[in-house]
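Numbers here simply count residues along the sequence, with the first being 1.
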Amino acid sequence: MGAFAIIPAAPVLLENIDHSEATRMVELRTAIRDTLRTQTAWALPIETLPPVAGLGGWGIDRGVDTRTGQLLSGSDWVETVEALTSEERSLAEAADPAIVVAILHAHAADVEIGPLGSSENLLLPIDLSGAATEDAPLAPIGGAADFDAAVIETLTAGSTMDTGSLLELCDRADTVAANLSALAAGIRYALDRGTRVSTLEPVVDEPVHEVRTLCGTGIWE
């Protein structure tokens with residue numbers, strides 16, 4: 001019925017976040033954008049887009065007004081956020097950080113982004129464990145590295161994804177400081193339509209700041 005793409009949800013891979021980033025980070029960001037440009041439009045596994053999607057939680061005054069499609073920064077961003085109604089503010093604050101990062105990547109890639117039903121193509125941002133090594137961003141958690149490896153093996157092995165095993169892994173993600181909520185929601189959406197989900201064809205699979213980072217595409221039909 002459509003394509004799906006898995007992209008990393010780490011904010012550090014967005015533009016103008018890490019001003020000392022290495023050349024490889026630029027290459028990875030380009031790979032993410034090229035992956036998004038394989039389709040002209042994507043649907044996120046959510047019912048409604050947040051009215052604004054920004055980086056305020058990371059102390060950065062920049063984001064996208066999803067109602068207009070504009071990227072705003074500085075005082076323009078602050079004024080837009082301040083003008084939100086209480087309901088709009090609640091929707092924005094409730095947005096999964098992975099969804100926010102995906103919206104920002106989609107805007108940078110100049111592709112359309114919307115909620116479920118807006119496109120047959122599913123965009124699934126993921127964050128694998130930030131606690132898988134001694135030098136990872138979070139204190140190490142036993143079994144986190146094995147968990148990441150199992151997720152990637154399930155996503156990429158064979159021709160048809162073992163979605164049952166994948167969803168079981170998604171249910172355990174919080175225990176190892178990973179965020180696979182969007183992945184689980186997208187896979188369940190596809191399964192509810194009686195479809196077969198292919199395995200992922202990776203274009204990136206490597207550590208970024210000691211966090212395993214995966215990007216690629218597949219199909220569901």
Here the pair of heavy atoms bringing Ile17 nearest to Pro11 is CG1-O, 3.5 Å
Less than 4.5 Å apart, side chain to side chain, heavy atoms only: is that true for Trp77 and Asp65?
no
Do the side chains of Glu206 and Arg212 get close enough for a salt bridge, i.e. N-O under 4.0 angstrom? no
CD of Glu112 to CG of Leu36, rounded to nearest 0.5 Å, is 13.0 Å
Quick check: are there more than 12 heavy atoms from other residues, nucleotides or ligands sitting under 6.0 Å from CG of Asn16?
-> yes
Exercise. Are any of the side-chain nitrogens in Arg67 or Glu88 under 4.0 Å away from the carboxylate oxygens of its partner?
Worked result: yes
For Leu91, the other hydrophobic cluster members (4.5 Å side-chain criterion, sorted by chain and number) are none
dist Ile187:CD1 -> Asp192:CG (nearest 0.5 Å) comes out at 11.5 Å
_According to a hydrophobic-cluster definition based on side-chain heavy atoms being under 4.5 Å apart (Ile, Leu, Val, Met, Phe, Trp, Tyr only), do Met1 and Tyr189 belong together?_
yes
- Query: Do Leu71 and Arg62 come within less than 4.5 Å of each other through their side chains, counting heavy atoms only?
  - Reply: yes
All heavy atoms of Ala182 vs all of Leu124, minimum pair found to be O-CD2, 3.7 Å
Self-check item: Cluster link Ile126 to Leu28, ILVMFWY, side chain under 4.5 Å
Solution: no
Rounded to the nearest 0.5 Å, the CD atom of Glu47 sits from the CG atom of Leu116 at a distance of 5.5 Å
Would Arg196 and Asp162 pass as an ion pair if we require N to O under 4.0 Å? no
On a heavy-atom basis, the closest approach of Leu123 and Pro45 is O-CD, 3.3 Å
message = What I want to check is whether the side chains of Glu210 and Thr133 have a donor and an acceptor closer together than 3.5 Å.
response = yes
side-chain contact (heavy atoms from CB on, under 4.5 Å) between His107 and Val64, intermediate numbers included
CA-CA 8 Å; His107 183 275; Val64 171; 3.9 Å; yes
Residues Trp220 and Glu120: closest non-hydrogen pair is NE1-O, 3.1 Å
Donor-acceptor pair, Ser198 side chain versus Thr160 backbone, under 3.5 Å? no
Which side-chain N or O atoms in residues 140-157 pair as donor and acceptor under 3.5 Å with protein atoms at least two apart or in another chain?
unit_1, atom_1, unit_2, atom_2, d
Asp148, OD1, Ser129, N, 3.1
Asp148, OD2, Ser129, N, 3.4
Thr154, OG1, Ala150, O, 2.8
Thr156, OG1, Ile152, O, 2.7

State yes or no: do Leu183 and Val203 share one hydrophobic cluster built from I, L, V, M, F, W and Y residues joined by side-chain heavy-atom distances below 4.5 Å, directly or via other members?
no
task = Give a yes or no on whether Leu49 and Val111 share a hydrophobic cluster (residues Ile, Leu, Val, Met, Phe, Trp, Tyr; joining criterion: side-chain heavy atoms under 4.5 Å apart).
result = yes
CH2 (Trp42) and CG (Asn121) are apart, to the nearest 0.5 Å, by 5.0 Å
- Query: Between Arg33 and Glu15, is the closest basic N to carboxylate O distance under 4.0 Å?
  - Reply: yes
Problem set entry | Thr213 side-chain N/O to Val211 backbone N/O, donor-acceptor pair under 3.5 Å | yes
Q | side-chain contact (heavy atoms from CB on, under 4.5 Å) between His209 and Asp135, worked out | A | CA-CA 8 Å; His209 295 306; Asp135 297 321; over 6 Å; no
When rounded to the nearest 0.5 Å, the distance separating CG of Leu191 from CE of Met161 is 9.5 Å
| query | Does the pair Val197 and Phe4 meet the rule for a side-chain contact (heavy atoms from CB on, under 4.5 Å), with working shown? | reply | CA-CA 9 Å; Val197 182; Phe4 71 90; 3.8 Å; yes
Correct closest heavy-atom pair for Leu14 and Val101 would be CD2-O, 4.1 Å
Given the rule that I, L, V, M, F, W and Y join up when any side-chain heavy atoms are under 4.5 Å apart, are Leu72 and Val100 in one cluster? no
To the nearest 0.5 Å, atom CG of Leu84 lies from atom CD of Glu82 at 9.5 Å
- Going through the checks in order, is the side-chain contact (heavy atoms from CB on, under 4.5 Å) test met by Val204 and Leu214? CA-CA 5 Å; Val204 173; Leu214 186 69; over 6 Å; no
- Heavy-atom distance under 4.5 Å between the side chains of Ile32 and Pro8, does that happen here? yes
Arg89 and Val81 have their tightest heavy-atom pair at NH2-O, 2.9 Å
Which of Ile7, Leu13, Leu200 passes side-chain contact (heavy atoms from CB on, under 4.5 Å) with Cys215? It is Ile7
